[in-house]
Every structure is written in structure tokens, then in C-alpha cells.
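By convention in this document, chain letters (A, B, ...) are assigned in the order of the sequence lines, proteins followed by strands, and residues within each chain are numbered from 1.
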There are 2 protein chains.
Amino acid sequence: MADTAERAGILPALAEVFRAHGYEGASLSLISRATGLGKGSLYHAFPGGKAEMAACVLAEIDGWFEANLYAPLRDAERPVEAVSVMFDAVEAYFRSGRRVCLVGVVALGSERDRFAGAVRSYFARWVAALADALGRSGRDAGASVALAEEIVAQIQGAIVLARALDEPALFARAIAALRARVAAAG
Amino acid sequence: MADTAERAGILPALAEVFRAHGYEGASLSLISRATGLGKGSLYHAFPGGKAEMAACVLAEIDGWFEANLYAPLRDAERPVEAVSVMFDAVEAYFRSGRRVCLVGVVALGSERDRFAGAVRSYFARWVAALADALGRSGRDAGASVALAEEIVAQIQGAIVLARALDEPALFARAIAALRARVAAAG
DNA sequence: GCAATCCTGTACCGATCGGTACAAACCCTT
DNA sequence: AAGGGTTTGTACCGATCGGTACAGGATTGC
């Protein structure tokens, strides 16, 4: 049986393969090379094959965002500061737009249906946690949800645009503009 | 030899296959089924194979945006109205977020490098045309470019989010919010 | 109505796909 | 050192991948 600890070591490498090549493009030979594990080991750790690998990667990403972004947003005593910390974390995680959002990529692809629950939950909880923090910083509920949706969408779109133009600075600019908007209306 | 007219008939079906399955996932058997053409015909029309098919699809999309969005934005006598018409076209084209932006999908995937020129040109000209229209409606150049980047990114991100949450209304809301922002600052 | 050309379906190519089988190598406990 | 279970590499499976070859059908010019 594959302990979570056993899997955990290879999940980052696994995630990078899916990020770089997409679900369909991430072949077992690529995965094997990236992780340094043969097929035997891979299927020992993930009896469900590629689908289970992808599900585990999505779950790990989800867990990271839950612990580092969503929970702090919901629990913060100073919500304005929590939003700013979220922007810090987003800039670091996505490496100024050089690193794509795997959940966003899955949402755009044909494998969306297979992972619909995980994808929906990831974004729904992001929007909800952010809206919660915005609401507790003096906005009414409707405006908070609308602004939260705009912010999350802007982050996703900035990744697309920064990659398309090969211009990481665009991502940084987009985040700076979002900070300004939050500060202005708060 | 394959005339452009000969290709043109099957390009829409081809585009839908790439949109639905991505570049790697769009297998020749899927393409054959979707277009109703055997491999012989496909390779007659596109001697370069799948790569040429994708390049032609991207070129057609680019041409459509150039004719229906970019050129009107640049040439409009009433730029404010032209921006509004652009939002109409975007809502119709992306079917309220149910239809993904193929160029955006390519930008996120590993095939970005192969089509880097086309992808960059598509987005760069979109931003430039929009910034041009915004500039001629009374904004200074820097603010126009920044707002144009935000708008294009917001559109791309709204597609991701609307699909992830399976909530097309979110896309419509995002466009409405963008219209309001443009009107407010103009 | 015939011949030259264009078009297209089908069979086939080697490579690779995701997945399975299994035996040797490894690691523990005794 | 012996024995047990666990972890691993490797060979192999049928299916499918992108791409090629080519024979015959459709079409055109005359």
C-alpha cells in the first residue's frame, strides 16, 4: 500500500509534469523520467494509474491553497492585511505568471468533467474565502462576492496573458493593480 | 494543392476539435470523424499534418478577431462605442464563457513554443487595438495600455472561472462589470 | 468519349500510448 | 543466515498514435 508519505515525495515532480504537458500530454514515460520511478513503483503508489496521479496532484494543490490562502483569509483578524498576504502568496506561487495554474488548465481542457468536483471546489472556496475577507473589511455582501470573482478571474487571466506575451512583468503589474483597487474601495 | 477555399469549409469543425480536446488530445481519428474526411483528404489539404491544421485554425481565429474586433477598435470614429461593440462581439464569440479561447489554451500548454508567434501577436494586437480606442476616448497612453491589459486578462480569466464553476452567468457579469468600469473612467 | 489530373478511402508503417505480469532485488524480523 | 513480505525494473499486452503509400473513383479539359 502506498502511504501518503510515500506519495508526497514525488507529488511535486508529478505536478510539474502535468503543468508542463497537460493531462493528455503527460505520458507515463515522461512521468517516469521526471520522478525517477519505474512503472512498477508508480502503479504501486497509484493503483488507479494516471487518473489517480492527477487527482492526488489536484488534491495536494487544493490542500496547499486551503492552508496558505483560504484559511488565513477566513480566519484573519485583520482582513485587509490578509488580502495583501494572499497577493504575496499568489505572486510567489505562480512565479510572476511563469508557472501556470494547473486547476485552471484542467478547467479549460476536456478533462474538466473528470475532475469537475475538485476544480469547482477549488475556485468556489477561493472566491468565498476572499469575499468573506472583503466583506469583513467593510463591504456589503454583494459587492464583496463580485469583487472576489473579479480578482480571481484577473489572476487567472493575467497568467494567460503573461505567458502569451512572454512578459512576466505583466503579471506583477496586474497584481499591483488589484492591490490598488482593493485599497481604494476599502 | 489545397486552396484556402477548400480548407475554409472544414476549419470551423477543426477548430472545435482543438478547442474541445487541446492540441495533444485532438487525435487524427477525432479530427477525421469531426470533419467527415478521411486521412487522405486531410493530408491532401494540410500536407504539414496536425501542426499545419492547428496553425491554420489559429490563423483563421486571428483573422476573425482582426476583422471583427481589432480593426473596428482602431478605425472607429466613436471609440467609446467601438469598445462597447467589442464587448458584444466577445460575449457572442465565447458564448458566455461556454466556449474557450483556443489561443489562450495554447498559451497555457506545452505547445505554446511551437505557436509562440501567433499567440503573442493575437494578444499583443488585441491589447494594442483596445488601448488605442481607450486612448482616443480621452485617457492618457499609460492608463490606456494598463486598462486594456486588465480588460483582456479579465475576459480570459472569466472564461476559466465560468467554466470551472459551470456558471456561464459569471462571464456575463464580468463583461457587464468591465463595461461599467470603462464608462466610469471615460 | 478519352486521357490526364485531382481527390479520397483504406491498408499499413514504426512508435508510443496506458496498463499488466512477474521475477529478481530489497528490506526487515528473527 | 534464513525467511517473509514489500518494492522495483523490465518485458510485454492490445490499442492507438501521427504519418505514408497507393490504388481506384471522381472530375476536368479536350
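- Atom OH of residue Tyr70(B) and atom CG of residue Leu130(B) lie 10.0 Å apart, to the nearest 0.5 angstrom.
- The side chain of Lys39(A) sits closest to dT20(C) out of dT20(C), dG19(D), dC7(C).
- Helix bend of the helix from dG1(C)-dC30(D) to dC26(C)-dG5(D): the angle between its two end axes, each built from five pairs, comes to 10° after rounding to 10°.
- Of the side-chain N and O atoms in His44(A), one or more sit less than 4.0 angstrom from OP1 or OP2 of dT7(D).
- At the phosphate of dG9(D), OP1 or OP2 sits under 4.0 Å from a side-chain N or O atom of Ser41(A).
- Judged by closest nucleotide on DNA chain D, Lys50(B) is the one of Lys50(B) and Gly40(B) placed further toward the 5' end.
- The residues Glu16(B) and Arg19(B) are annotated as salt-bridged, a charged nitrogen and a carboxylate oxygen being separated by less than 4.0 angstrom.
- In this structure, Ser29(B) reaches the dC17(D) phosphate: one of its side-chain N or O atoms is under 4.0 Å from OP1 or OP2.
- Ring geometry for Phe65(A) versus Tyr122(A): interplanar angle over 60°, hence perpendicular rather than tilted (30 to 60°).
- Electrostatic pairing of Arg173(B) and Glu167(B) counts as a salt bridge here, judged by a charged N lying under 4.0 Å from a carboxylate O.
- Under the side-chain contact (heavy atoms from CB on, under 4.5 Å) rule, Val90(A) has a single partner from Ile151(A), Ile175(A), Leu178(A), which is Ile175(A).
- Contact check, Ser27(B) against dC17(D): a side-chain N or O comes under 4.0 Å of OP1 or OP2.
- Among the heavy atoms of the strands lying under 4.0 Å from Ala26(B) are primed sugar atoms or P, OP1, OP2 only; no base atom is included.
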